[in-house]
Engineer: 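Quick one: this structure, given as structure tokens, is what I'll be asking you about.
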Amino acid sequence: MNTMPITLGGLTVAALLAGCAGLSPAPRPLACDDGIKAAFKPDAQTRVVSVRAIPKGTAIVAVDSPQAVTTAVDMCLVKLLVGPGSSEVEKDRNAPSYTEGIGMEIWLPAPASWNERIRNYGGGGWVGGGHRDPQKIGSKLPALVNANMGYATGTHDGGQPAYQDPSFTFLSNGQVNEPSLNDMSYRSILQQALKTRALVDLYYGRAPRYSYYDGHSQGGRQGLQMAQKHPELYDGYLIGQPAINAPSFGLTSLYPQVVMKSELGFTALDKDAAAAFARKVAAVNARAVAACDKEKLGFLLDPHACAYDPLRDAAALCTGVVGQGVTGSNADAATCMNAKEALALNKIWYGPTTDGSYDPQQTDAGRSGQVRGSKQLWWSLTRGSNFGGQITRASTDMLALAQRDVRYAADGAVVSGMATRNASTPVRNRWLDLTYASYAQALTQGLDQPLLRDYQTDNAAAAAKFASLKRKMILWNGLAEDVIPAQGAIHYYERVKAVAGGEAQVQQFLRMYNLPGMAHSSQGRAWTVGNVNNTVPMPQLPGNSNQNPTREQDTLFSALVDWVERGSAPESIVIQSRDKSTSYPACVYPKKISWNGTGPAREASSYACR
């Protein structure tokens, strides 16, 4: 573990903390007006962009949702800009890579409504948003709901203003934008913690009783960065579906294209062929669920236990196709697979390897992320997950960074997400050159770069300091993920457990829930192969349909608060589907939801955690 002092702008983090703490709290709460601009000057790199009083009952539209949130209390919104951004290396002010720093929004409930707690919220994807613009709202919707509940809530744009746009990752000369990527990876999250705390102390005239971090996806990865590097900045961490190992899973999301090109002779650029293959994959995926769903719920309680192989399923193979011990019997050309297609799907499910092989004897532990195969580079999405987008689109952001070459980025016709704009070259789609060997080289050598190594955010050894400070973390994953394989978080947990000394020790500070049927969403989103999604039990989370939740309607965060403030460690939590048809316990890992085999499969009384 690095014990050298980390510096930002020539100052150690300890000095920054001391400087922020040195802002003398006012004897009484400040007014929500431009007086804050004069009063709040924590360092030379930070300036207050705007101060806005927002009355109770105001409709606010967040950056990630068209549905407005109505403020439940009076609030003060303070926008900050923390320099220097990329301005010292990017001289083209019109380039998408030019930025003057990290934009922040800090939501301060009126003093009478403040619950004396900070609940900072993380971003998602490539973040961005209107944080630095006085006329816009940059925060994601759950952050606004957190403020509705009385929490002082800080958010940030990751150091770049364009919402979800990866173009900032390369400077206008084609070189990697290292200052902004460092802001995205680490510095923005640190500044969020420091500046929110300093402003809270000043505005309310007193310190918070507790400080929490709450983040999902990229925001979950951001929370892990703080937990690993500066665990002292928060008392508790709620980490949802974290983008841990983002370079690894980001490159893995392109692997289906490498398999399709190598085994089937086409990629997503051949839209008709890719769409046809995606339809076949969807049909076979439904067969996988049917084969492994013994509870008949329509989704898999434990997808990692599902070893379904289309090469061994006659009904998945086209009529006459010879599989492994079976001969195909499916006469529907739109849904049946030939042997090459079935092999390609098995390779995609297995995940990338050094040579394009896969292990048909992979165990449950291998599929879950507990262990990795001898040639396996990372894990893919599971059986029962919707990964059609990885077949019809190409996800290349991480490949371009690993190669340090914007030409590897996909163009707008096929890219997954937004296309990378960069004026240094018009060439794109060099990802098409990849073979199994060159892909493996890109994944392994790319992760040797210090910047991407830091972005992995998987320093298990840091758990020792986290535990010594008595901090607490709840981490949750979806088992029907369509973006981030849950195996990365499981792999991290197992490594942290080894550092801690065993299961009993790790559960003193870290507890994890793996939620069946849950796809990727900060507000909770289920996915089933039959598209009957309201039947999947999920925890209640702040969001569009939960804009002013009670304690009971903020399931996982309330469990974290009880652990931090009352010493009551979370155990199994009964969760219910939105249509109220199905309930069962969410289990603390490594325990799993287990049906008793006889009771009604949609009633919690028929399940236990084992």
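Only heavy atoms go into these numbers, but all of them, side chains included; no hydrogens, no water, no symmetry mates.
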Engineer: Ignoring hydrogens and geometry, is there a side-chain-to-backbone donor-acceptor pair from Asn596 to Gly599 under 3.5 Å?
Structural biologist: yes
Engineer: Under 3.5 Å, is there a donor-acceptor pair linking the side chains of Tyr121 and His156?
Structural biologist: no
Engineer: Does the side chain of Pro549 reach to within under 4.5 Å of the side chain of Asn546, using non-hydrogen atoms?
Structural biologist: yes
Engineer: Please enumerate all residues that pass side-chain hydrogen bond (donor to acceptor under 3.5 Å, both in side chains) together with Gln445, with sequence neighbours excluded.
Structural biologist: none
Engineer: Gln540 versus Asp554: any side-chain heavy-atom pair under 4.5 Å?
Structural biologist: no
Engineer: Cation over ring, Lys470 on Phe509, under 6.0 Å and within 45°?
Structural biologist: no
Engineer: Verify the distance criterion only: is there a donor paired with an acceptor across the side chains of Ser368 and Gln487 at less than 3.5 Å?
Structural biologist: no
Engineer: How far apart are the C-alpha atoms of Ser262 and Tyr436, what are their side-chain angles, what is the distance that settles it, and do they pass the side-chain contact (heavy atoms from CB on, under 4.5 Å) test?
Structural biologist: CA-CA 8 Å; Ser262 303; Tyr436 285 130; 3.5 Å; yes
Engineer: Would you say the side-chain atoms of Asn346 and Asp309 include a donor-acceptor pair closer than 3.5 Å?
Structural biologist: yes
Engineer: So, the side chain of Tyr607 versus the backbone of Ala601: is there a donor-acceptor pair under 3.5 Å, distance only?
Structural biologist: yes
Engineer: Which heavy atom of Trp349 sits nearest to which heavy atom of Pro310, and what is that distance?
Structural biologist: CZ3-CD, 3.9 Å
Engineer: Minimum heavy-atom separation for Ala410 and Thr396, please, with both atom names.
Structural biologist: N-OG1, 2.8 Å
Engineer: Give a yes or no on whether a salt bridge exists between Glu232 and Arg471, defined as a side-chain N under 4.0 angstrom from a carboxylate O.
Structural biologist: no
Engineer: Got a sec, which residues hit side-chain hydrogen bond (donor to acceptor under 3.5 Å, both in side chains) with Arg393, two or more places apart in sequence or on another chain?
Structural biologist: none
Engineer: Among residues at least two apart in sequence or on other chains, which ones pass side chain to side chain contact (heavy atoms under 4.5 Å, CB included) with Asn514?
Structural biologist: Asn477, Leu479, Ile490, Met512, Tyr589
Engineer: So, using salt bridge (charged side-chain N to carboxylate O under 4.0 Å, His left out) as the criterion, who are the partners of Arg404 when residues are at least two apart?
Structural biologist: Glu178
Engineer: Begin with the C-alpha distance, continue with both residues' side-chain angles, and end with the deciding distance and a verdict on side-chain contact (heavy atoms from CB on, under 4.5 Å) for Leu264 and Lys340.
Structural biologist: CA-CA 7 Å; Leu264 306 177; Lys340 285 186 176 181; 4.0 Å; yes
Engineer: Has Asp482 got a side-chain atom pairing as donor or acceptor with His520's backbone, closer than 3.5 angstrom?
Structural biologist: yes
Engineer: Using the six-membered ring of Trp378, assess whether NZ or CZ of Arg372 lies under 6.0 Å from its centre and within 45 degrees of the ring axis.
Structural biologist: no
Engineer: Once side-chain hydrogen bond (donor to acceptor under 3.5 Å, both in side chains) is applied, do any residues pair with Asp448, and if so which ones, sequence neighbours excluded?
Structural biologist: none
Engineer: Mind checking what makes side-chain hydrogen bond (donor to acceptor under 3.5 Å, both in side chains) contact with Lys261, not counting sequence neighbours?
Structural biologist: none
Engineer: Using a strict threshold of under 4.0 Å (side-chain N to carboxylate O), is an ion pair present between Glu295 and Arg602?
Structural biologist: no
Engineer: Please find the pair of heavy atoms, one from Pro231 and one from Leu469, that lie closest to each other, and give the distance.
Structural biologist: CG-CD1, 3.7 Å
Engineer: Output, in order, the C-alpha distance, side-chain angles, deciding distance and verdict of salt bridge (charged side-chain N to carboxylate O under 4.0 Å, His left out) for Arg383 and Asp293.
Structural biologist: CA-CA 11 Å; Arg383 292 158 178 81; Asp293 177 20; over 6 Å; no
Engineer: Under a 3.5 Å distance rule, please check whether Ser468 uses its side chain to pair with a backbone N or O of Lys465 as donor and acceptor.
Structural biologist: yes
Engineer: Under 4.5 Å between any side-chain heavy atoms of Thr335 and Arg279, yes or no?
Structural biologist: no
Engineer: State, to 0.1 Å, how close Val483 and Glu481 come at their nearest heavy-atom pair, and which atoms those are.
Structural biologist: N-OE1, 3.1 Å
Engineer: Table please: side-chain donor-acceptor pairs of residues 300-308 below 3.5 Å, with sequence neighbours left out.
Structural biologist:
from, atom 1, to, atom 2, distance (Å)
Asp302, OD1, His304, N, 3.3
Asp302, OD2, Lys592, NZ, 3.1
Tyr308, OH, Asp313, OD2, 2.7

Engineer: Answer yes or no: is there a donor N or O on one side and an acceptor on the other, between the side chain of Gln449 and the main chain of Ala402, under 3.5 Å?
Structural biologist: yes
Engineer: Can you see which heavy atom on Leu475 is nearest to which on Ala489, and at what distance?
Structural biologist: CD2-CB, 3.9 Å
Engineer: Do the side-chain N and O atoms of Ser395 and Ser253 include a donor-acceptor pair separated by under 3.5 angstrom?
Structural biologist: yes
Engineer: Please work out whether the ring planes of Tyr212 and Phe557 are parallel, tilted or perpendicular, with thresholds of 30° and 60°.
Structural biologist: perpendicular
Engineer: Between Ala246 and Met398, which heavy-atom pair has the shortest distance, and what is it?
Structural biologist: O-CG, 3.9 Å
Engineer: Output every pair passing disulfide bond (SG atoms under 2.5 Å apart) with a member in residues 562-610, not counting sequence neighbours, ordered by first then second residue.
Structural biologist: Cys587-Cys609
Engineer: Less than 4.5 Å apart, any side-chain heavy atom of Phe299 and any of Val532?
Structural biologist: no
Engineer: Indicate whether the side chain of Gln225 and that of Asp454 have a donor and an acceptor atom separated by less than 3.5 Å.
Structural biologist: yes
Engineer: Using the side chain to side chain contact (heavy atoms under 4.5 Å, CB included) criterion, which residues pair with Arg495? Sequence neighbours excluded.
Structural biologist: Asp458, Ala460, His491, Tyr492
Engineer: Could you walk me through whether Gln403 and Leu399 pass the side-chain contact (heavy atoms from CB on, under 4.5 Å) check?
Structural biologist: CA-CA 6 Å; Gln403 300 290 72; Leu399 174 67; 3.8 Å; yes
Engineer: Compute the ring centroids of Tyr234 and Tyr213, then answer whether they are less than 6.0 Å apart.
Structural biologist: yes
Engineer: Could you walk me through whether Gln228 and Thr457 pass side chain to side chain donor-acceptor pair (under 3.5 Å), step by step?
Structural biologist: CA-CA 8 Å; Gln228 292 167 19; Thr457 319; 5.5 Å; no
Engineer: Between Asp364 and Arg367, is there a salt bridge with N-O shorter than 4.0 Å?
Structural biologist: yes
Engineer: Run the numbers on Gln523 and Leu141 for side-chain contact (heavy atoms from CB on, under 4.5 Å), then give the verdict.
Structural biologist: CA-CA 9 Å; Gln523 300 181 43; Leu141 189 141; 4.1 Å; yes
Engineer: Holding to side chain to side chain contact (heavy atoms under 4.5 Å, CB included), I want the full list of residues that pass it with Ser357, two or more places apart in sequence or in another chain.
Structural biologist: Thr353, Asp355, Lys375
Engineer: Are any of the side-chain heavy atoms of Leu541 and Trp476 separated by less than 4.5 Å?
Structural biologist: yes
Engineer: For Gly373, is there any backbone N or O sitting under 3.5 Å from a side-chain donor or acceptor partner on Gln376?
Structural biologist: yes
Engineer: Holding to side chain to side chain contact (heavy atoms under 4.5 Å, CB included), I want the full list of residues that pass it with Gln164, two or more places apart in sequence or in another chain.
Structural biologist: Met418
Engineer: Are the charged groups of Lys347 and Asp359 less than 4.0 angstrom apart, N to O?
Structural biologist: no
Engineer: Are any non-hydrogen side-chain atoms of Leu190 and Arg187 less than 4.5 angstrom apart?
Structural biologist: no
Engineer: Do Tyr255 and Tyr350 come close enough that some side-chain heavy atom pair is under 4.5 Å?
Structural biologist: no
Engineer: Which pairs, with at least one residue in residues 455-512 and sequence neighbours excluded, count as a disulfide bond (SG atoms under 2.5 Å apart)?
Structural biologist: none
Engineer: Got Tyr455 and Leu181 here, is their nearest side-chain heavy-atom distance under 4.5 Å?
Structural biologist: no
Engineer: Quick one: CG on Asp562 to NZ on Lys472, what's the gap to the nearest 0.5 Å?
Structural biologist: 13.0 Å
